Amino acid sequence: MACWLFKTEPAEFSIDQLAASPGGIARWDGIRNYQARNYLRDRVAIGDSVLIYHSSCKIPGIAGTATVVCSGYPDPAQFDPHSPYFDLKASPDNPRWFAVDIRFENRFANLLPARNLKKDPELSDMVLFSNGRLSVQPVTDRERQHILSLAKVSPGPA
DNA sequence: GCCAACGTTGGC
DNA sequence: GCCAACGTTGGC
């Protein structure tokens, strides 16, 4: 089982919206970056663990966890001319962008602020800090374990 | 709102 | 294929 960090702007789609989705399941779509696309298309698998990261908000950080319930498939939004994610150059025969489905697992009692995680020696190698703009990124098992242990002790905003 | 870092585009 | 110009991301 692999682990991933998915970034989202909570104003667009938050972990609460995920939790409120039918069955706690939602499509993770609208990813328009090739490196992230490659992960969604080729690597993200059913049963993988996901850390949900809130970005571009008051306190950016990890908000909770989810599980992958459907691996990569063409993102329907790319074919919809009314969608902000429409892509003129994509076609069903030759899809350019991919989505996965995830199911809500847990919302941390206290969000883990990125500025705290950044100071944590256990997490110094996280992709989050070397390529902060990548919206789908791999997380090592060690990083995941550490983050989950932090979430349990509920450190809260420092 | 600023700005640094990074990604994409397009002329050559 | 290079690289300058431009656009986007995202923390602050």
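On a predicted model such as this, the values are computed, not experimentally measured, just so you know. Chain letters run A, B, ... following the sequence lines, proteins first and then strands; every chain starts at 1.
For A:Tyr53, the side-chain atoms get nearest to C:dG11 when compared with the rest of C:dG11, B:dC6, C:dG10. Of the candidate nucleotides B:dT8, C:dT8, C:dG10, C:dT8 has the atom nearest to the side chain of A:Arg133. Of all nucleotides listed (C:dC12, B:dA5, C:dG11), C:dC12 comes nearest to the side chain of A:Arg115. Each of B:dT8, C:dG11, C:dG10 was ranked by its minimum atom distance to the side chain of A:Tyr34; first place goes to B:dT8.
Rounded to whole Å, atom C1' of B:dA5 lies 14 Å from atom CG of A:Leu134. Whole-Å rounding puts the A:Trp97 CH2 to B:dG7 P distance at 13 Å. Atom-to-atom, CD of A:Gln35 to P of B:dT8 comes out at 9 Å; the value is rounded to the nearest Å. Put simply, CD1 on A:Ile31 is 10 Å from P on C:dT9, counting in whole angstrom units. We find that NZ of A:Lys89 is positioned 12 Å from P of B:dT8, with the value rounded to whole Å. Remark: C1' of C:dG10 and CG of A:Leu5 are 14 Å apart, rounded to the nearest angstrom. Straight-line distance from the CE atom of A:Met126 to the P atom of C:dG11: 13 Å, rounded to whole Å. The CZ atom of A:Arg32 sits 15 Å away from the C1' atom of C:dT8 (whole-angstrom rounding).
A side-chain donor-acceptor contact under 3.5 Å links A:Arg27 and A:Tyr73. Side-chain contact, A:Thr67 with A:Glu105: a donor N or O sits under 3.5 Å from an acceptor N or O.
Ring-plane geometry between A:Trp4 and A:Tyr39 is classed as tilted, the angle between the planes lying from 30 to 60 degrees on a 0 to 90 degree scale.
Electrostatic pairing of A:Arg96 and A:Asp75 does not count as a salt bridge here, judged by no charged N lying under 4.0 Å from a carboxylate O.
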